[in-house]
Amino acid sequence: MAEPGIVFDRVWKKFRRGEVHDSLRDLIPAMARRMLGRAVPSADTLGRREFWALTDVSFEVKPGEALGIIGANGAGKSTVLKTLNGILRPTRGYCELRGRPGSLIEISAGFHHDLSGRQNVFLQGAIMGMKSRDIARKFDQIVEFSGIGDAIDTPVKRYSSGMNARLGFAIAAHLDPDVLIIDEVLAVGDLSFQDRAFGRIKELATSGIPVVLVSHQLERVSTLCTQALLLEKGRVAHRGTPEECIAAYVSSTRQGEVDEDAPVRITDLQVSTPLPLRSGERLRYRIRGVVSEGAGERYDPFLVRVRSARSGKVVFSTLGQNCGLTCPPPGEFEADVELQFNVGGGIYTIETGVNDTARKKDLVRGPFTHIQVASGTTFTGVVQMNPAMRVVQHHATSDTSATDDGADPAAHVYEAKVRHAGRA
Amino acid sequence: MTGLVSAVGVAPLADPLREGQEEHRGVGLPAAAADAAAPSPVRSTDVVRRSTEVKRSFFGDLAEIFRELWEFRDLVHQLTLRDIRVRYTQAVMGFAWAIFAPMLVVLSGLLIRYALAHASGRQVSMAAIGATALKAVPWSFFSGALNLATASLISNKSLITKLYFPREAIPLATVLAQTKDLGVAFAVLAIILPFLGLTVSINLLWVPLLVLLLLTYTLACAVFLSCANLFYRDVKYVVQLLLTFGIFLTPIFFEPQAYGPIGARLLMLNPLAPIIEGLRLAVIDGRTLLEPVFEVNRRGVSILVWSPWHLLYSAVWAVGGLLVGLRLFRRVTYVFAEYV
């Protein structure tokens with residue numbers, strides 16, 4: 001008996017492009033080669049048309065930990081999950097999954113379109129490793145969770161794709177796993193179902209079992225995970241807290257786009273305020289740039305874009321023209337920018353760039369930096385709203401007989417009035 | 001990339017907001033302390049799945065396969081049900097399918113027997129009709145099951161590439177789904193055979209054993225062929241051809257003695273032949289399978305048509321083939337998702 005957990009130790013995985021030999025005609029030459037002891041593919045070298053889908057990927061997930069894996073398409077995320085699940089075998093390295101896995105991957109892959117929803121629940125459940133007895137016991141819950149209702153006895157081919165996904169998720173959500181593996185299933189069904197689904201995932205993920213989550217919804221990764229991994233072309237590009245990885249991921253997609261020939265460009269970015277910043281404080285930074293001859297008024301080099309590493313989303317964006325600045329005359333320039341960070345804690349990316357105001361799109365992207373904002377403990381959320389509250393009326397419970405307005409005597413009537421508060 | 005964040009001046013990440021949002025997951029705390037409300041915060045488990053190859057002996061591998069299949073027995077059951085249900089949904093003929101294929105075999109058998117009887121100037125006996133009907137049933141099962149099972153891994157492609165479960169369950173369930181038709185056909189036989197020369201004797205007790213052997217041998221072939229077809233897609237066509245002409249290499253239309261002394265011996269080398277011929281001997285002739293049977297043909301030559309060794313021979317093929325097939329299947333199972 002051991003603690004549930006996941007061990008992924010220096011895993012390499014080789015894939016082949018195109019088709020592998022597929023007909024008997026190819027068997028004989030292949031066997032002949034093997035008999036002659038020649039050209040037997042070894043685990044260490046790449047043959048023609050082969051490539052490494054995973055290169056030396058290691059991680060470990062213990063109970064109470066949730067690992068988020070992020071990265072661009074083709075970075076190897078699904079390969080990691082399939083290897084974890086035992087669908088693929090690593091070319092090199094060691095992979096172990098201790099405990100009954102609950103995989104929220106391909107949640108309706110086992111469905112047969114000719115069978116009814118009811119029959120498919122039992123089929124899909126069995127494929128996921130549930131006992132028919134347990135499925136029968138949880139059947140009503142599953143149907144209720146899915147919101148399928150009477151359609152449960154209709155063949156699945158008559159279902160909408162949303163119903164299909166909801167039923168699949170409902171089955172997976174009623175697994176009782178020791179280890180949880182989740183892949184991109186968070187956005188299933190309509191808004192209310194998504195909330196229910198995410199609630200269930202959160203419930204499972206925070207129940208103290210080891211969790212691996214792969215998602216492009218970066219906000220979900222930072223909400224659910226205790227640690228993260230950024231994969232890039234099969235390699236671990238970054239390892240750390242979810243926000244560090246998201247920041248690294250977001251910046252990696254920004255790299256290599258600096259156009260040296262642009263008429264206007266930003267060359268440097270220097271933060272002059274000491275870090276970390278506290279929520280509500282002002283951040284000051286200086287940018288340096290170059291404007292070529294004949295660049296024209298249409299370019300605005302004072303683009304500011306602030307991105308939250310929690311979600312990877314832009315939380316603030318503005319241009320120099322909104323602050324009364326226009327493109328400086330040809331030559332080098334320096335400018336100071338100040339931003340007030342009335343935001344929740346976390347990592348933020350400051351991006352600079354040049355905007356082509358005539359075409360309303362970015363001409364070039366400039367340097368970027370990450371800053372840390374500490375929110376303190378006074379609020380959670382993404383924006384500091386500077387609340388003000390006061391009690392304007394209070395009826396004590398002890399004085400129940402003497403009510404003057406005829407309302408429920410026991411009621412505590414609070415009214416919170418929010419002053420529009422400027423900063424003190 | 002490592003150090004990217006710290007390189008631009010971010011302090012070590014103490015993030016009060018995160019912890020505030022998820023008060024029930026204490027970051028870095030042991031799970032037990034993190035969530036006291038959970039029913040069993042720290043579990044222990046004896047289920048371990050390793051993607052990395054584990055080297056085991058022949059019997060170690062088999063033990064693992066049977067252990068896993070037992071763990072997933074509900075899956076085998078559900079897949080079998082699926083295959084049966086899918087076959088009968090929106091099908092006009094319904095259960096008539098179960099006897100349709102055997103009936104065609106019987107009809108062609110009767111035609112051949114009639115033609116030969118006509119040529120030799122003898123009558124077609126009722127027992128011969130009964131024998132053909134009896135033999136048509138296991139043959140239809142065998143060929144029907146193998147045709148479907150050979151392609152079974154490919155037709156369940158999405159399951160194989162997306163989900164984990166013992167892949168042996170797929171050919172297994174495909175064959176098991178065919179046993180329903182086999183059962184229906186045997187039930188029909190039980191009704192008509194008394195009119196066609198059934199010999200009621202203690203030797204009818206051989207039937208369950210022979211059916212078991214038939215099932216085992218079919219499974220052995222199914223496991224091996226489904227796996228081969230996954231790597232070499234033309235296996236399916238070879239199997240179709242072999243099954244089309246295999247009926248002449250199996251004593252379905254005739255008894256072995258019709259093939260002559262050497263022919264009979266060669267014919268019985270087909271592992272399916274003793275199973276099917278044994279059925280006829282036990283059910284139609286009412287003989288025990290523990291004694292050899294000789295038939296004398298018209299030229300006075302004595303032909304060995306049955307020996308207890310034949311039964312053993314088939315059993316070795318069936319059981320041995322299944323065990324070897326399962327191991328082979330398991331050894332290559334980890335590349336299924338890449339080849340399918």
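Every value quoted in this text rests on a predicted model; they were computed, and no experiment measured them. Proteins get letters first, then strands, A, B, ... in listed order; numbering begins at 1 in each.
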Interatomic distance, A:I87 atom CD1 to B:F165 atom CZ [nearest 0.5 angstrom]: 9.0 Å
Between CG on residue A:N85 and OH on residue B:Y164, distance to nearest 0.5 Å: 9.5 Å
Non-neighbouring partners of B:N156 that pass side chain to side chain donor-acceptor pair (under 3.5 Å), sequence neighbours left out: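 If we apply the side chain to side chain donor-acceptor pair (under 3.5 Å) test to B:N156, skipping adjacent residues, the hits are B:R82.
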Heavy atoms only, distances under 4.5 angstrom: which of B:T161, B:T333, B:L81 has the most pairs with chain A? Name it, please. B:T161
Which residue pairs satisfy the salt bridge (charged side-chain N to carboxylate O under 4.0 Å, His left out) criterion with at least one member in residues 150-163 of chain B, sequence neighbours excluded?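 The answer is A:E106-B:K162.
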Part of [X] within contact of chain B (heavy atom distance under 4.5 Å):
X: A:P155; answer: neither
X: A:I127; answer: both
X: A:S132; answer: both
X: A:Q124; answer: side chain

Proximal to chain A - members of residues 63-79 of chain B, heavy-atom separation under 4.5 Å: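 Those residues of residues 63-79 of chain B which have a heavy atom under 4.5 Å from chain A are B:E71, B:F72, B:R73, B:D74, B:L75, B:Q78, B:L79.
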Taking the side chain as every heavy atom from C-beta outward, state whether B:E338 and A:R89 have any pair of such atoms under 4.5 Å apart.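 Of all side-chain heavy-atom pairs linking A:R89 with B:E338, none is under 4.5 Å.
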List in chain and number order the residues that pass ring-ring contact (aromatic ring centres under 6.0 Å, His included) with B:F336, two or more places apart in sequence or in another chain; answer none if no residue qualifies.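 Here the qualifying residues are B:F329.
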Can you establish whether the number of heavy atoms outside A:R278 located under 6.0 Å from its atom CZ is more than 12?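 No.
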Please report the closest heavy-atom contact between A:A109 and B:S158, naming both atoms and the distance.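 Scanning both residues completely, I find the closest heavy atoms to be O-OG, 3.8 Å.
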